[in-house]
Amino acid sequence: MERIAVIDFETTGISPSSSCRATEIAVVILERGQIVDRYQSLMNAGVRVPGFIEQLTGISNAMLRSAPPAERVMNEVNEFVGTTPLLAHNAAFDQKFWDFELGLIRRTRLQKFACSLLLARRLMPAAPNHKLGTLTSFAQLPHTGKAHRAMADAEMAANLTTHLAQELRRTHGLRELSHELLCGLQKVPAAKINDHLKKHRGF
DNA sequence: TGCCAGGCCCTCTTTAGGGCCTT
C-alpha cells in the first residue's frame, strides 16, 4: 500500500463551529503496512479544556500551559505531512479540525482524507460496533496505549487500516491498495461492495 | 431568546427520524 499519513486530533469538543480547538495531534506514516515515521505534539490554542474532556483524554489545562502554540505545531505537522494522502477514523471529524487549524495559519489542505470508520462499516460488518477500540479488539490488533490520546489512537487507526488492506488482499485478491481506491471504496453502498471489488481484482 | 456538529446509514424510509462515531 502506498504511503498514507494517519492522523488523530484530541480537541476541547466536537466541532470548530462550536468554538472548540485542537489540544493534541499525532500523525503516523504508514508504508507497505508498516509505521515508518511519527509526529506527536500537544498544542496550546489558548482555550480552556472542559472538565469532562480532561477526564476523557487526560489532557489538562496545566499540560497545555507549557505546550507549544497551536500555530507552531500546525506549521510543523503540515510540513511533516506534506502532500501525503490522509486517513483518520471518522475522518469527517479530524478533517474539520485539520482544515480549521490550517486555515488559522493561512494554509489549505491539498490532499483527500480516507476514513477507516466508513471502510470498517463495509468490510467488518460483523463487529459489535465500529468504535476504534472495539474494532481493534475485534480484529485482535495490539492496543497501543491510552485510548483518547492522539498517538495511541493514530497507531490504532493505522493498524486497523493495515488489517483492512490485508483482508482486501485475502478475500478479494487485491494486490496494490491505493489511497484513491480506499477513498472510492468508502463511498460504495455496503450491499454493492463485493461487485465493486470484483472490478479491482488483480490491481 | 435560545440554540449550539454533521455526515453516514438503517428503517417502522424517500414529503423522515434517529442512532452511530469523533472530542
A.B. asks: Which nucleotide sits closest to the side chain of Glu10(A): dT23(B), dT22(B), dA5(B)?
C.D. replies: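 Of the candidates, dT23(B) comes closest.
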
A.B. asks: Considering only the P atoms, how many Å lie between dG2(B) and dG6(B), rounded to the nearest integer?
C.D. replies: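 Looking at atom P only, dG2(B) and dG6(B) are 22 Å apart.
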
A.B. asks: Classify the ring geometry between Trp98(A) and Phe113(A) as parallel (under 30°), tilted (30 to 60°) or perpendicular (over 60°).
C.D. replies: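 It falls in the perpendicular class, over 60°.
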
A.B. asks: Expressed in whole Å, how much space separates the C1' atoms belonging to dT13(B) and dC8(B)?
C.D. replies: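 That atom pair is separated by 15 Å.
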
A.B. asks: The side chain of His89(A) lies closest to which of these nucleotides: dC10(B), dT22(B), dT23(B)?
C.D. replies: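 The closest nucleotide is dT22(B).
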
A.B. asks: Rounded to whole angstrom units, what separation is found between the NZ atom of Lys96(A) and the C1' atom of dA5(B)?
C.D. replies: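 Rounded to the whole Å, the gap is 4 Å.
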
A.B. asks: Using a cut-off of strictly less than 4.0 Å, decide whether His148(A) has a side-chain nitrogen or oxygen near OP1 or OP2 of dT23(B).
C.D. replies: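 Yes, such a contact exists.
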
A.B. asks: Taking the P atom of each, how far is dG17(B) from dT1(B), in whole Å?
C.D. replies: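 About 29 Å, rounded to a whole number of Å.
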
A.B. asks: Within the supplied structure, the quantity of interest is the number of heavy atoms (other residues, nucleotides, ligands) at a distance under 6.0 Å from Lys96(A) NZ; does it exceed 12?
C.D. replies: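 Atom NZ in Lys96(A) is packed in, count exceeds 12.
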
A.B. asks: Among residues 113-132 of chain A, which contact DNA chain B at a heavy-atom distance under 4.0 Å?
C.D. replies: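 Contacts with DNA chain B under 4.0 Å: Leu117(A), Leu118(A), Arg121(A), Arg122(A), Asn129(A), His130(A), Lys131(A), Leu132(A).
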
A.B. asks: Check the distance between dT22(B)'s C1' and Gln95(A)'s CD and give it to me in whole angstrom.
C.D. replies: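 Spelled out: CD on Gln95(A) to C1' on dT22(B) is 13 Å.
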
A.B. asks: Ile14(A) CD1 to dC4(B) C1': how many Å, rounded?
C.D. replies: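 Those two atoms, CD1 and C1', are 12 Å apart.
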
A.B. asks: Base, sugar-phosphate or nothing for Thr57(A)? Non-hydrogen atoms, less than 4.0 Å.
C.D. replies: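 Since only primed, P, OP1 and OP2 atoms lie under 4.0 Å of Thr57(A), the category is sugar-phosphate.
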
A.B. asks: Group every Ile, Leu, Val, Met, Phe, Trp and Tyr by side-chain heavy-atom contacts under 4.5 Å, then state whether Leu86(A) and Val73(A) land in the same group.
C.D. replies: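 Same hydrophobic cluster.
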
A.B. asks: So what does Phe9(A) hit on the nucleic acid, given a heavy-atom distance under 4.0 Å: a base, only sugar-phosphate, or nothing?
C.D. replies: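 Sugar-phosphate contact only - Phe9(A) comes under 4.0 Å of backbone atoms but never of a base.
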
A.B. asks: Starting from C1' on dT23(B), measure out to CG on Leu64(A) and report it in whole angstrom.
C.D. replies: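 Result: 13 Å.
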
A.B. asks: Between Lys187(A) (NZ) and dC8(B) (P), how many Å, whole number?
C.D. replies: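 After rounding, the reported distance stands at 9 Å.
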
A.B. asks: Under 6.0 Å from the NZ atom of Lys146(A), do we count more than 12 heavy atoms belonging to anything else shown?
C.D. replies: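 Yes - once you tally the heavy atoms of other residues, nucleotides and ligands closer than 6.0 Å, there are more than 12.
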
A.B. asks: Run through His179(A), Arg32(A), Glu31(A) and flag the one making a side chain to side chain contact (heavy atoms under 4.5 Å, CB included) with Arg3(A).
C.D. replies: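 Only one option passes, and that is Glu31(A).
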
A.B. asks: Write down the distance between CG (Asp153(A)) and P (dC21(B)), rounded to a whole number of angstrom.
C.D. replies: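 In whole Å, dC21(B) P lies 15 Å from Asp153(A) CG.
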
A.B. asks: Please tell me which of the listed nucleotides, dC21(B), dA5(B), dT23(B), lies nearest to the side chain of Asn90(A)?
C.D. replies: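 Nearest to the side-chain atoms of Asn90(A), counting from C-beta on, is dC21(B).
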
A.B. asks: Side chains of His89(A) and Asp94(A) only: does a donor on one sit below 3.5 Å from an acceptor on the other?
C.D. replies: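 The criterion, which ignores hydrogens and geometry beyond distance, is not satisfied for Asp94(A) and His89(A).
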
A.B. asks: How about His143(A) and Ser137(A): does a side-chain donor come under 3.5 Å of a side-chain acceptor?
C.D. replies: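 Yes.
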
A.B. asks: With DNA chain B as reference, determine whether Thr11(A) or Ser18(A) sits nearer its 5' end, using the nearest nucleotide of each.
C.D. replies: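 First, find each residue's nearest nucleotide; the 5'-ward one identifies Ser18(A).
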
A.B. asks: Whole Å only: how far is the CD atom of Gln186(A) from the C1' atom of dG7(B)?
C.D. replies: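 The answer, rounded to whole Å, is 12 Å.
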
A.B. asks: In whole Å, I'd like the distance from the CG atom of Asp8(A) to the C1' atom of dC21(B).
C.D. replies: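 Spelled out: CG on Asp8(A) to C1' on dC21(B) is 13 Å.
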
A.B. asks: Mind listing the side-chain donor-acceptor pairs of residues 47-57 of chain A below 3.5 Å, one per line with the distance, residues two or more places apart or on another chain?
C.D. replies:
unit_1: Thr57(A); atom_1: OG1; unit_2: Ile53(A); atom_2: O; d: 2.9
unit_1: Thr57(A); atom_1: OG1; unit_2: Ile59(A); atom_2: N; d: 3.0

